[in-house]
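Okay, so here's the structure we're looking at.
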Amino acid sequence: MPAGGEVESLVEEGKPAPDFELTSDAGESVSLASLRGTPVVLYFYPKDFTMGCTREACSFRDNFEAISAAGATLLGVSADDEASHARFRERHDLPFRLLADPARKVIDAYDARGMFGLGVARVTYVIGRDGVIADAFRHELLVSRHVPLVLEALARLPAAPAT
């Protein structure tokens, strides 16, 4: 089981993270491959503007400086479209990109389907600079749990090579 998670994930710790390419709230294409060399915090959430998802996004926003200080890129993913993400990001002053996955291909690749295969689960992955899953967390209701676990996981990652 991943160090901080409550359940096993199909994308296991120590395995390569599935590559993806999705469109952000700003209409830009974002791929995991383009972020190689940088830790990535990839969090999946059910829906823009819902109470739990808003609390989770704002928790990531409020800790964005600490996540960035660890050298990580933070990305949120849901099945909502780019326009919804843009409104959600603007309304809550989110300093990170939100990626649209209406076809749920990335959601499926990261085992982030909700209960009984419906909706999107609240799942967060910490991906190392090498593109390997360092940690994974799934908490459907405990939206405040992900950020402290992410910060702990980032602290355990090997330091960036000196340039």
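Just so you know, residue 1 is the first one in the sequence shown, and it goes up from there. Values below: all heavy atoms of this structure, side chains included; hydrogens, waters and symmetry mates excluded. These numbers were taken from a predicted model, which means no experiment stands behind them.
In this structure, Ala134 and Leu157 approach most closely via the heavy-atom pair CB-CD2, 3.5 Å. Ala17 and Ile127 make their closest contact through CB-CD1, 3.8 Å (heavy atoms, listed as atom of the first residue, atom of the second, distance). Across all non-hydrogen atoms, the minimal contact from Cys53 to Phe88 is O-CZ, 3.9 Å. Nearest heavy-atom pair across Leu154 and Pro39 is CD2-CB, 4.1 Å. Looking at every heavy atom in both residues, Tyr110 comes nearest to Pro18 through OH-O, 2.6 Å. Of all heavy-atom pairs spanning Leu22 and Ala100, the tightest one is CD2-O, 3.3 Å.
Taking the side chain as every heavy atom from C-beta outward, Leu118 and Arg113 never approach each other to under 4.5 Å. Looking at heavy atoms from C-beta onward, Tyr43 lies out of side-chain contact with Val126 at the 4.5 angstrom threshold. Contact of the Val123 side chain with the Asp111 side chain is not registered, since no non-hydrogen atoms from C-beta on lie closer than 4.5 Å. Considering only heavy atoms from C-beta on, Phe44 stays 4.5 Å or farther from Arg122 through its side chain.
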Cut-off 3.5 Å, no hydrogens considered: what does the side-chain donor-acceptor table look like for residues 66-75, sequence neighbours left out?
unit_1 : atom_1 : unit_2 : atom_2 : d
Ser68  : OG     : Phe64  : O      : 3.1

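Here Glu82 contributes atom CD and Leu98 contributes atom CG; the two are 11.0 Å apart, rounded to the nearest 0.5 Å. Taken to the nearest 0.5 Å, the OG1 atom of Thr124 stands 7.5 Å off from the CZ atom of Phe137. Within the model, atoms CG of Leu99 and OG of Ser31 stand 10.5 Å from one another, a figure rounded to the nearest 0.5 Å. Put simply, CD1 on Ile133 and NZ on Lys15 are 11.5 Å apart, with the number rounded to the nearest 0.5 Å. Taking OG from Ser78 and CD1 from Ile107, the interatomic distance works out to 6.5 Å, rounded to the nearest 0.5 Å.
Listed by chain and number, the residues in a side chain to side chain contact (heavy atoms under 4.5 Å, CB included) with Ala83 are Asp81, Arg87 (sequence neighbours excluded). Looking at residues two or more places apart in sequence or on another chain, you find a side chain to side chain donor-acceptor pair (under 3.5 Å) between Asp25 and Arg89. Taking Tyr45 as the reference, Asp48, His85 meet the side chain to side chain donor-acceptor pair (under 3.5 Å) condition, with sequence neighbours excluded. Contacts of Phe20 classified as ring pair (Phe, Tyr, Trp, His ring centres under 6.0 Å), with partners at least two apart in sequence or in another chain: none.
Contacts classified as salt bridge (charged side-chain N to carboxylate O under 4.0 Å, His left out) and involving residues 91-105 (residues at least two apart or in different chains) are given here: Glu28-Arg97.
In this structure, the side chain of Ser84 does not engage the main chain of Asp80 through any donor-acceptor pair within 3.5 Å.
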Verdict with supporting geometry, Thr54 and His92, side-chain contact (heavy atoms from CB on, under 4.5 Å): CA-CA 8 Å; Thr54 298; His92 297 289; 3.3 Å; yes
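Salt-bridge check for Asp135 with Arg156: passed, with a basic side-chain N closer than 4.0 Å to an acidic carboxylate O.
Under a hydrophobic-cluster definition in which Ile, Leu, Val, Met, Phe, Trp and Tyr are linked whenever side-chain heavy atoms come within less than 4.5 Å, directly or via other members, Phe49 and Phe60 are assigned to the same cluster.
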